[in-house]
2 protein chains.
Amino acid sequence: MPDLAICAKESDSIIMDNFPFSLRTLNLKVTPKRLAILAILMEETVYLSPEEIWGKMKRRFKRIGLPTVYRNLEELSEGNIISKVNHPNRKLYYYLCKNQSHHHHFICLSCRKVEDINFCAAKKINKEVKTKLKGKVISHILQVNGLCKTCSKKSDI
Amino acid sequence: MPDLAICAKESDSIIMDNFPFSLRTLNLKVTPKRLAILAILMEETVYLSPEEIWGKMKRRFKRIGLPTVYRNLEELSEGNIISKVNHPNRKLYYYLCKNQSHHHHFICLSCRKVEDINFCAAKKINKEVKTKLKGKVISHILQVNGLCKTCSKKSDI
DNA sequence: GTATAAATAGAAATGATTTCTATTTAATAT
DNA sequence: ATATTAAATAGAAATCATTTCTATTTATAC
Ligand SMILES: [Zn+2]
Ligand SMILES: [Zn+2]
Ligand SMILES: [Zn+2]
Ligand SMILES: [Zn+2]
């Protein structure tokens with residue numbers, strides 16, 4: 001189905017084109033390095049570490065500091081443009097999800113693939129917190145860790 | 001209601017009494033230090049950092065190393081006797097929940113209070129991962145971060 | 001263009017967590 | 001009780017992912 005592939009690429013570029021707007025909305029300047037970080041993440045179906053992103057940035061810029069990568073990833077994540085992965089190894093990983101609507105992720109602990117889980121308990125949870133606990137929700141984490149289809153087959157052997 | 005208080009204490013000691021059994025089930029030796037860590041966590045309604053637990057341990061033992069605290073907390077958490085908190089500041093915190101059944105937590109980012117959320121999407125999620133993604137679930141995180149009743153009132157001012 | 005605040009490079013520091021080895025201890029079998 | 005053995009521990013030291021710092025550069029608004 002070449003149509004699907006073309007379609008996917010078009011929608012990708014639509015997302016890419018919107019990054020400057022998204023950045024400005026967050027009061028972040030539209031710098032070449034910010035856009036490059038987003039472009040790098042756009043190309044991936046797996047979550048990446050700051051150091052790995054730095055490695056890819058070094059191919060595009062002759063001067064690029066690791067702190068810049070860390071800072072930008074944190075800002076982009078804070079602004080909900082990218083998402084942070086809660087890895088059991090407690091290291092930082094980031095992922096850019098093309099799916100704009102609120103949802104959560106299944107992450108593969110082996111190959112790092114990320115897949116969408118079209119399920120969110122937010123409404124029920126917010127209700128329970130509000131009525132029963134009388135608290136104020138700031139954020140919620142829902143993440144499923146495991147082995148993707150391919151990796152679970154491998155470990156079957 | 002003094003009855004409730006007594007009842008609560010009795011149920012606590014029932015849990016306490018079961019720790020040696022739980023530890024043996026996990027092939028962990030029943031050491032005074034393990035039991036003390038559990039006793040310290042039992043007394044708390046808030047999550048504690050390893051360093052804070054170490055501080056309390058130093059009152060009970062004249063020789064007690066911080067690595068011992070870290071190691072034990074990790075083992076107990078791995079064995080599901082205690083639960084790890086996913087704090088936005090990315091530091092380690094642990095909590096011992098008296099509620100034995102599977103559930104999740106609302107954590108206060110201000111006073112560190114932990115409250116139960118009697119809701120879990122595990123069944124739905126497992127089903128979605130199994131049927132749609134054909135993956136294997138290893139673990140899932142569901143945690144709600146916010147301000148508890150008391151703390152959200154304070155920040156209203 | 002100019003002004004200004006934000007972003008960045010690069011070096012350096014940080015500090016929570018982990019690793020290491022010698023010693024001690026709990027559990028089990030005499 | 002005593003001996004045996006594997007697990008647990010103390011304390012010092014190392015690790016290293018992440019953050020901080022300051023001078024310089026750059027995006028943006030006028
Ligand atoms: Zn995989
Ligand atoms: Zn997604
Ligand atoms: Zn609170
Ligand atoms: Zn609980």
Side-chain angles (χ1 to χ4, degrees), chain A residues 19-40 47-79 81-82 84-95 112, chain B residues 19-40 47-79 81-82 84-95 112:
Chain A
F19 284 147
F21 173 78
S22 307
L23 292 176
R24 277 187 267 262
T25 307
L26 295 168
N27 287 314
L28 296 176
K29 289 186 179 175
V30 182
T31 66
K33 283 168 187 176
R34 275 199 182 116
L35 294 175
I37 287 174
L38 289 169
I40 286 166
Y47 48 92
L48 296 178
S49 70
E51 195 119 11
E52 287 163 341
I53 295 164
W54 187 42
K56 291 171 191 291
M57 290 290 279
K58 282 191 276 195
R59 292 185 213 146
R60 307 193 184 201
F61 300 91
K62 50 181 173 303
R63 302 184 81 204
I64 171 69
L66 185 52
T68 297
V69 175
Y70 270 92
R71 194 181 349 93
N72 276 296
L73 290 170
E74 182 53 31
E75 288 161 345
L76 295 170
S77 155
E78 199 56 36
I81 297 186
I82 65 177
K84 206 181 279 199
V85 169
N86 271 279
H87 201 281
N89 73 9
R90 296 180 32 78
K91 287 183 186 156
L92 283 171
Y93 297 96
Y94 294 91
Y95 177 74
R112 300 184 175 187
Chain B
F19 284 147
F21 173 79
S22 309
L23 292 176
R24 276 188 267 263
T25 306
L26 295 168
N27 287 315
L28 296 175
K29 289 186 179 176
V30 181
T31 66
K33 283 168 186 175
R34 275 198 182 117
L35 294 174
I37 287 174
L38 290 169
I40 285 167
Y47 49 91
L48 297 179
S49 70
E51 195 120 11
E52 287 163 341
I53 294 164
W54 186 42
K56 290 172 192 288
M57 289 290 279
K58 283 192 272 194
R59 291 185 213 144
R60 305 194 187 200
F61 300 91
K62 51 181 172 303
R63 303 184 81 204
I64 171 69
L66 184 52
T68 298
V69 176
Y70 270 91
R71 192 178 353 92
N72 277 295
L73 289 170
E74 181 53 30
E75 288 160 344
L76 295 170
S77 155
E78 198 57 36
I81 297 186
I82 65 177
K84 206 181 277 198
V85 169
N86 271 279
H87 202 280
N89 73 8
R90 296 181 32 79
K91 287 184 188 158
L92 283 172
Y93 298 96
Y94 294 92
Y95 177 72
R112 300 185 178 186

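The chains referred to below are lettered A, B, ... by the order of the sequence lines, with proteins before strands, and numbering in each begins at 1. Quick caveat, the model's predicted, so the values are computed rather than measured.
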What's the [atom1]-[atom2] distance between [X] and [N], to the nearest Å?
X: A:Glu51; N: D:dT19; atom1: CD; atom2: P; answer: 13 Å
X: A:Ile64; N: D:dT25; atom1: CD1; atom2: C1'; answer: 13 Å
X: B:Lys84; N: C:dA16; atom1: NZ; atom2: P; answer: 17 Å
X: B:Leu28; N: C:dT25; atom1: CG; atom2: C1'; answer: 15 Å
X: B:Leu66; N: C:dA16; atom1: CG; atom2: P; answer: 10 Å
X: A:Glu74; N: D:dT19; atom1: CD; atom2: P; answer: 7 Å
X: A:Ile53; N: D:dA17; atom1: CD1; atom2: C1'; answer: 14 Å
X: B:Trp54; N: C:dT17; atom1: CH2; atom2: C1'; answer: 13 Å

Problem - Side chain of A:Pro67 (C-beta onward), nearest among D:dT26, D:dA8, C:dA11 - result: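 Looking only at heavy atoms from C-beta outward on A:Pro67, the closest nucleotide is C:dA11.
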Handout entry: Candidate nucleotides D:dT9, C:dA16, C:dA26, ranked by approach to the side chain of B:Pro32 - the nearest
Key =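 The answer is C:dA26, which lies nearest to the side chain.
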Practice task
Please tell me which of B:Pro50 and A:Glu75 maps to the more 5' nucleotide of DNA chain C, matching each residue to the nucleotide holding its nearest heavy atom.
Solution key: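 This one resolves to A:Glu75.
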Problem - Comparing B:Arg90 and B:Lys29 on DNA chain C - which has the more 5′ nearest nucleotide - result: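 With B:Arg90 and B:Lys29 compared, the 5'-side residue is B:Arg90.
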Practice task
Name the nucleic acid region contacted by B:Arg34, choosing base, sugar-phosphate or nothing; use a 4.0 angstrom heavy-atom cut-off, strictly under.
Solution key: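 The residue B:Arg34 makes sugar-phosphate contact but no base contact.
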Practice task
Under 4.0 Å between any heavy atoms, over every strand shown, what does B:Pro20 touch: base, sugar-phosphate, or nothing? Just pick one.
Solution key: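 Nothing, no heavy atom under 4.0 Å.
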Exercise for the section: Mind listing the closest non-hydrogen atom pair of B:Ile64 and B:Trp54 along with its distance? Expected result: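 So the two residues come closest at O-NE1, 2.9 Å.
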Looking at [N], I'd like to know if its phosphate oxygens (OP1 or OP2) sit under 4.0 Å from a side-chain N or O belonging to [X].
X: B:Tyr70; N: C:dT17; result: yes
X: B:Asn72; N: D:dT9; result: yes
X: A:Thr31; N: C:dT8; result: yes
X: A:Arg63; N: C:dG10; result: yes
X: B:Arg71; N: D:dT9; result: yes

Exercise for the section: Please lay out, stage by stage, how A:Asn72 and A:Leu28 fare under the test side-chain contact (heavy atoms from CB on, under 4.5 Å). Expected result: CA-CA 10 Å; A:Asn72 276 296; A:Leu28 296 176; over 6 Å; no
Practice task
Answer yes when A:Lys91 and A:Glu51 have at least one side-chain N-carboxylate O distance shorter than 4.0 Å, and no when they do not.
Solution key: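 Salt bridge absent between A:Lys91 and A:Glu51.
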Exercise for the section: Verify side-chain contact (heavy atoms from CB on, under 4.5 Å) between B:Leu76 and B:Leu38, making sure each step is shown before the conclusion. Expected result: CA-CA 9 Å; B:Leu76 295 170; B:Leu38 290 169; 3.9 Å; yes
Problem - Exam field: side chain A:Arg112 to backbone A:Leu48, donor-acceptor pair closer than 3.5 Å - result: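 Looks like no, no N/O pair under 3.5 Å.
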